[in-house]
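Each remark here refers to the structure printed beneath this line.
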Amino acid sequence: MNNKTSFALRVLKDRCTGCGLCADSCAFNAIRLVEYPEIDPYTCRLCGTCVQACPAEALQVDVPEPASFSPKKSEGIWVLAETDSGMLASVTKELLGKAVSLSETLRCSVEAVLPGSGVAVLADELIAYGADRVHVLEHPSLASFIEENYARAVVSLAGRCNPDILLVGATERGRGLSARIASMLHTGLTADCTQLEIDPESGLLHQIRPAFGGNLMAAIVTPNCRPQMASVRPGVMKAAEPDRSRKGEIVCHDLSDFEPDHRICLMDEMAANVCGDTLENSRIVIGVGRGVKNKETVVRIRQWAEQIGAVVAGSRAAVEMGLIDAHLQVGQTGHTISPDLYIAIGISGQIQHTAGLSGAKKIVAINPDRTAPIFGIADYGWAVSAEEALSELAGISL
């Protein structure tokens with residue numbers, strides 16, 4: 001299978017006058033004028049600015065032919081399984097639960113794609129969580145996560161099997177991988193979905209996600225290309241209880257002729273030590289916002305969090321102020337979480353943040369501003385500053 005896309009910027013030399021306007025218009029310095037314009041394919045973003053700037057119409061973007069996927073031939077809901085340290089990622093279990101629900105409307109199979117090396121032992125677990133069939137893609141070059149190699153393996157399989165729907169977790173790995181796969185398959189991708197539904201009349205997947213800063217929900221469909229692709233945030237869907245008695249088919253595909261992307265070379269890999277619970281599995285999360293104001297107060301919050309067994313996260317404003325690390329951001333551009341208890345300290349409650357709290361069972365808001373939007377969604381509110389609250393909470397255990 002050809003793993004390359006055919007998008008390209010081409011110079012029509014019989015029309016080019018050598019005026020240089022294309023090079024002057026390029027914001028990425030991807031065009032160098034010699035006798036004719038020379039395009040740097042690694043710098044060019046295919047934005048089309050040079051095409052519009054050329055008075056002789058001597059530049060054009062070649063667009064690939066539509067993929068051969070046919071809605072009539074495509075079948076099955078696929079979930080791209082993600083693994084971490086030899087275990088299934090929680091988002092994979094959540095997506096399988098949703099795929100089973102969607103399959104009841106479409107009356108189709110639920111299938112999981114399991115790429116990696118030494119991962120076949122996880123196939124039974126995927127079946128227990130709802131997969132009817134598991135496609136195992138094992139190859140030495142897939143032992144470490146290299147996006148280009150994973151994409152090639154998945155695209156090759158999808159090109160042969162024509163899935164109707166392909167769901168991917170919107171994780172650190174999944175966001176980039178899903179976009180690359182969609183591009184190679186010449187299909188659409190709706191990123192960071194919070195809800196998935198099947199239209200009973202058309203049978204199309206409604207891929208629902210926040211739009212316009214979270215002020216409305218957009219339902220997006222892919223009527224003409226397959227697979228219909230969506231990435232879903234961890235913590236949004238609910239995983240079903242595993243049924244170890246379920247039976248399913250395990251297909252181990254032959255990747256002996258698989259060619260990894262030789263442009264990419266893994267020089268070294270280092271495992272990061274993470275202590276305690278993560279945002280995805282913590283029962284209690286404390287959110288830090290702009291109202292906390294200084295790192296000294298954050299230190300006190302962390303001390304209290306350790307006392308009650310909580311994980312400290314933050315809003316985008318707190319990340320931008322340097323109070324919280326970016327990988328602990330909660331909200332529309334961060335994590336979506338579903339703890340038993342979320343304690344928001346100094347957080348105003350803008351929709352960009354609260355979009356990540358849809359699964360929280362109880363919310364406690366601490367903010368001196370009684371008119372803050374956070375109180376509108378909180379189960380309990382306390383209109384005091386972070387410092388005042390900590391003075392009262394320091395000796396309290398949950």
Would you say the side chains of Ser385 and Glu388 form a donor-acceptor pair under 3.5 Å? yes
Rounded at 0.5 Å granularity, tell me how far CD1 in Ile366 sits from OH in Tyr380. 14.0 Å
Show, in sequence, the C-alpha distance, side-chain angles and deciding distance for Glu125 and Met87, and conclude whether the side-chain contact (heavy atoms from CB on, under 4.5 Å) test is met. CA-CA 10 Å; Glu125 189 173 0; Met87 300 176 63; over 6 Å; no
Is a donor on one side and an acceptor on the other found under 3.5 Å between the side chain of Asp325 and the backbone of His327? no
What heavy-atom pair brings Cys44 and Ile39 nearest, and what distance separates the two atoms? CB-CG2, 4.0 Å
Can you tell me how far CD of Glu147 sits from CG of Asp261, rounded to the nearest 0.5 angstrom? 11.0 Å
Go through the side-chain N and O atoms of Gln329 and Ser315 and say whether any donor and acceptor fall under 3.5 Å apart. no
Derivation and outcome, side-chain contact (heavy atoms from CB on, under 4.5 Å), residues Cys50 and Cys26: CA-CA 6 Å; Cys50 58; Cys26 181; 5.5 Å; no
Distance-minimising heavy-atom pair for Ala170 and Ser231: CB-OG, 3.9 Å
If hydrophobic clusters are built by linking Ile, Leu, Val, Met, Phe, Trp and Tyr wherever their side-chain heavy atoms come under 4.5 Å apart, do Ile250 and Ile77 end up in the same one? yes
Can you name the nearest heavy-atom pair linking Ala158 to Leu185, along with the distance? CB-CD1, 4.2 Å
Are Glu94 and Lys238 packed together at the side-chain level, in the sense that at least one heavy-atom pair is separated by less than 4.5 angstrom? no
When rounded to the nearest 0.5 Å, the distance separating CD1 of Ile31 from OH of Tyr36 is 16.0 Å
Linked, directly or transitively: Val312 and Leu390 (ILVMFWY side chains, under 4.5 Å): yes
Heavy-atom side-chain proximity of Asn367 to Ile347 below 4.5 angstrom: no
So does Ile284 get a backbone contact from the side chain of Ser282, meaning a donor-acceptor N/O pair under 3.5 Å? yes
With a 4.5 Å limit on heavy-atom distance, are the side chains of Lys295 and Leu323 in contact? yes
Look at the side chain of Gln52 and the backbone N and O of Thr49, then say whether any donor-acceptor pair between them is shorter than 3.5 Å. no
Measure from the side-chain N and O atoms of Asp199 to the backbone N and O of Leu205, and report whether any donor-acceptor pair falls under 3.5 Å. no
Tell me, do Met237 and Leu196 make a side-chain contact under 4.5 Å, heavy atoms counted? yes
Taking atom CZ of Arg244 as the centre, report whether more than 12 heavy atoms of other residues, nucleotides or ligands fall under 6.0 Å from it. yes
Hydrogens and angles aside, do Glu387 and Thr297 bring a side-chain donor and acceptor to less than 3.5 Å of each other? yes
side-chain contact (heavy atoms from CB on, under 4.5 Å) between Thr83 and Leu114, worked out: CA-CA 8 Å; Thr83 60; Leu114 181 59; 3.9 Å; yes
Do Leu266 and Leu255 land in one hydrophobic cluster if side-chain heavy atoms of ILVMFWY residues count as linked below 4.5 Å? no
Give a yes or no on this: more than 12 heavy atoms of other residues, nucleotides or ligands lie within 6.0 Å of atom CD of Glu320. yes
Just by modelled atom types, is the Ala131 backbone N or O under 3.5 Å from a matching donor or acceptor in the Arg246 side chain? yes
Taking Arg10 for its side chain and Val61 for its backbone only, find out whether a donor-acceptor pair lies under 3.5 Å. no
How about CD on Glu249, more than 12 heavy atoms from neighbouring residues, nucleotides or ligands closer than 6.0 Å, or not? yes
Working note: Glu296 + Arg300, criterion salt bridge (charged side-chain N to carboxylate O under 4.0 Å, His left out); need CA distance, chi angles, decisive distance, verdict. CA-CA 7 Å; Glu296 290 75 16; Arg300 293 179 62 194; over 6 Å; no
Ignoring hydrogens and geometry beyond distance, is a side-chain donor-acceptor pair present between Ser156 and Arg160 at under 3.5 Å? yes
Parallel, tilted or perpendicular for Phe258 and His139, by the 30°/60° rule? perpendicular
Is atom CD of Glu306 surrounded by more than 12 heavy atoms (other residues, nucleotides or ligands) closer than 6.0 Å? no
Is there side-chain contact between Asp124 and Leu122, with heavy atoms separated by less than 4.5 Å? no
Got more than 12 heavy atoms from elsewhere within 6.0 Å of CZ, Arg290? no
The reported gap from CZ in Arg316 to NE2 in His353 (rounded to nearest 0.5 angstrom) is 13.0 Å
Is the backbone N or O of Val110 less than 3.5 Å from a side-chain atom of Asp132, with the two atoms forming a donor-acceptor pair by type? yes
Do you know the tightest heavy-atom contact between Pro227 and Pro163? CB-O, 3.4 Å
Quick check against the 3.5 Å criterion: does Glu138 have a side-chain atom that pairs as donor or acceptor with the backbone of Val119? yes
Spell out, as yes or no, whether a donor-acceptor pair under 3.5 Å connects the side chain of Ser183 to the backbone of Arg180. no
Given side-chain contact (heavy atoms from CB on, under 4.5 Å), test Tyr129 with Val79 step by step and report yes or no. CA-CA 11 Å; Tyr129 277 97; Val79 171; over 6 Å; no
For Cys19 and Pro55, work out which heavy atoms get closest and say how close. SG-CD, 4.3 Å
Would a 4.5 Å heavy-atom cut-off, applied to side chains only, mark Asp40 and Arg32 as touching? no
Does any non-hydrogen side-chain atom of Lys247 lie less than 4.5 Å from one of Ile127? no
Answer yes if Leu106 and Ile220 sit in the same cluster of Ile, Leu, Val, Met, Phe, Trp and Tyr residues linked by side chain heavy atoms under 4.5 Å apart, and no otherwise. no
Under 3.5 Å, is there a donor-acceptor pair linking the side chains of Glu75 and Asn162? no
Using the side-chain hydrogen bond (donor to acceptor under 3.5 Å, both in side chains) definition, which of the options Asp164, Thr190, Thr222 pairs with Gln228? Asp164
Cluster link Tyr150 to Val155, ILVMFWY, side chain under 4.5 Å: yes
Side-chain contact, heavy-atom cut-off 4.5 Å: Val251 with Arg133? yes
Under 3.5 Å, is there a donor-acceptor pair between the side chain of Asn149 and the main chain of Leu142? no
Taking every heavy atom of Thr17 against every heavy atom of Ala56, the minimum-distance pair comes out as CG2-CB, 4.3 Å
